[in-house]
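Report on the following structure.
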Amino acid sequence: MELLEKTQAPKDPEPINDDISFFNSLLPFVRSLLWPNKLLCRMQIQELVYSFVTNTRDQIFAP
């Protein structure tokens with residue numbers, strides 16, 4: 001009986017994470033892309049994040 005109560009008990013909602021909320025806000029736009037553009041978008045997002053993590057933003061955003 002105790003096991004049944006544990007499995008049916010509602011889980012505590014996770015706290016709101018601003019990062020997840022931000023990326024979730026982009027989903028409708030990313031979902032609307034055709035797959036070649038979606039792949040390119042993903043690659044460019046990864047490149048951008050990588051440049052911030054490695055502190056190489058100047059190389060990517062140089063005029």
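- Counting side-chain heavy-atom gaps under 4.5 Å among Ile, Leu, Val, Met, Phe, Trp and Tyr, the cluster of Met43 also holds Leu40.
- With sequence neighbours excluded, the residues satisfying side-chain hydrogen bond (donor to acceptor under 3.5 Å, both in side chains) with Thr54 are Thr56.
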In residues 22-39, what donor-acceptor pairs under 3.5 Å come from side-chain atoms, sequence neighbours left out?
from	atom 1	to	atom 2	distance (Å)
Asn24	ND2	Ile20	O	3.3
Ser25	OG	Phe22	O	2.5
Ser32	OG	Phe29	O	2.7

